[in-house]
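Every value quoted in this text rests on a predicted model; they were computed, and no experiment measured them. Letters A, B, ... mirror the listed sequences (proteins, then strands); counts begin at 1.
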Amino acid sequence: MYIVSVFGHSLSLELALQDLEGVIPNQRILAIPLDKEMYPVKINHPYNHEGLNLFFVSCLSSITMLLGVIYGFILYWGPIIWGMIGLAGGACTGLILQKVVQKRKQLELNRSERFDVIIIIRYESQQESNIIRSILSEYSALSITDMNKGFSGA
Amino acid sequence: MDHIYRGPRRPRMSMSPYNTNSLVIRNPYQPMWWSAAMPGAGHIMIGKSIKGFLLFIFEFTVNLQSGINEAIEYSMVGQFQMVKDILDLQWLFVRLATEINQFAALASKNKAPIEAFRLDMAEINYLNYLNPWVAVVWSLFTPGLGHLISRNIIQGVYLLAWFIVVIYQSKALPSVYFTATGHFEEATNVIHWNWVLYLPSLYLFAVDDCWSRVIESNRLFQMEQTRFLKDKYQNTSFPLL
């Protein structure tokens, strides 16, 4: 009889484990952190660890913002507005281009960012199960399931 | 005698209550670009803060004394001059960033310890998960705030101080006022070219730098917590099925 739940890496996960240890012994808790090193980071990798190349976006928008400010001096609305137009325009263009490239290269490094740790807890009575489930949901587990009758193949 | 254990040769990270510094593998063109936009920024980005701070001051002094920003403003041809001026610095950067990358690659292979919490009588620093967009948005309000959120207090205060100097000297706030009230000509006249041209690189550098710092600290947090969980909650006697 197990309760299986999924957590993101967070402080509330450690708080939940601390509370659980007050109810059941440590040996009946199994934590399986999923491997985050699936995608090796190359030295020349242009993307950040989350799969978004914000460097490219901020690079582009700093250029367009600079150009906006420069040409804003001779345009009607002045440097402030043109600078902000440059910033927004550069950021939008950068994000769109970035997404297109990302889609083409199928880089989805950030897909499983928050689903990181599987917690399996063995319980011995229905009462224990209720307490465990309430602790897990109190500390915002991403999902919880009770594998009470799942093993017989029914 | 060779077997005396002295700890890892290359640590993964170092944490003080005021700042976190870590070895990160990153695209070498990232610090190179920011050092082109603002000499010193690349150094700050790869973790050489003191050198970066000094180069920052150097950049402001040289630029203001020689009026390079003005030259850029009068004719875009001036930019080639600037590029020429800092070309040496840039190539130094590719080398430097690659060097740091190699150290980071070496450090990531050995299991260097990761600190999770530091506290002294004045400050607290720790690893925790943070949505990087929170830091980005605050950096867009005021450069430096994002670094304060990610608990990089030294870089945050430094960038914040420069931002205040630039925004004051450039008279950008009166210009914002005139822009908001529709007096576009006065908005153009009141602003100081020499200073306002620092703003784009200051803003976007702060955004990019604190984004990478938050992502890196999230990564460190995950690694540290993974080690903790594997240590404590993977008992071999766990009755699985």
Next on the checklist: Are A:L30 and B:N235 packed together at the side-chain level, in the sense that at least one heavy-atom pair is separated by less than 4.5 angstrom?
Outcome noted: no
Item to check | Proximity breakdown for B:F228 and chain A, heavy-atom pairs closer than 4.5 Å | outcome: side chain
Checklist entry - If we only count heavy atoms from C-beta on, is the A:S61 to B:Y203 side-chain gap below 4.5 Å? => result no
Next on the checklist: Does any part of the side chain of A:V69, heavy atoms only, come nearer than 4.5 Å to the side chain of B:L199, both counted from C-beta?
Outcome noted: no
Item to check | Contact class of A:I120 relative to chain B, heavy atoms under 4.5 angstrom | outcome: both
Next on the checklist: How close do B:A172 and A:I80 get, counting heavy atoms only, and between which atoms?
Outcome noted: O-CD1, 3.9 Å
Next on the checklist: Less than 4.5 Å apart, side chain to side chain, heavy atoms only: is that true for B:W211 and A:V57?
Outcome noted: no
Next on the checklist: If we define contacts as heavy-atom pairs under 4.5 Å, which of B:V136, B:L229, B:T236 has the most with chain A?
Outcome noted: B:L229
Checklist entry - Do A:P79 and B:T188 come within less than 4.5 Å of each other through their side chains, counting heavy atoms only? => result yes
Checklist entry - Side-chain donor-acceptor pair under 3.5 Å between A:H9 and B:Q222, yes or no? => result no
Item to check | Any A:L87 side-chain heavy atom under 4.5 Å of B:L204 side chain | outcome: yes
Checklist entry - Which heavy atom of B:Q234 sits nearest a heavy atom of A:P33, and at what distance? => result NE2-CD, 3.5 Å
Item to check | For B:F103, side chain to side chain contact (heavy atoms under 4.5 Å, CB included) partners two or more places apart | outcome: B:R10, B:L23, B:E99
Next on the checklist: Using side-chain heavy atoms (C-beta onward) and a distance below 4.5 Å, is A:L75 in contact with B:F184?
Outcome noted: no
Next on the checklist: Between B:S237 and chain A, with a heavy-atom cut-off of 4.5 Å, which part of the residue counts as in contact: side chain, backbone, both or neither?
Outcome noted: side chain
Checklist entry - So which bits of residues 15-24 of chain A come within less than 4.5 Å of chain B, counting non-hydrogen atoms only? => result A:L17, A:E21
Next on the checklist: I want to check something: taking the side chain as every heavy atom from C-beta on, are B:W33 and A:S62 in contact at a cut-off of under 4.5 Å?
Outcome noted: yes
Next on the checklist: Quick check: closest heavy atoms across A:L66 and B:L197, and the distance to 0.1 Å?
Outcome noted: CD1-O, 3.6 Å
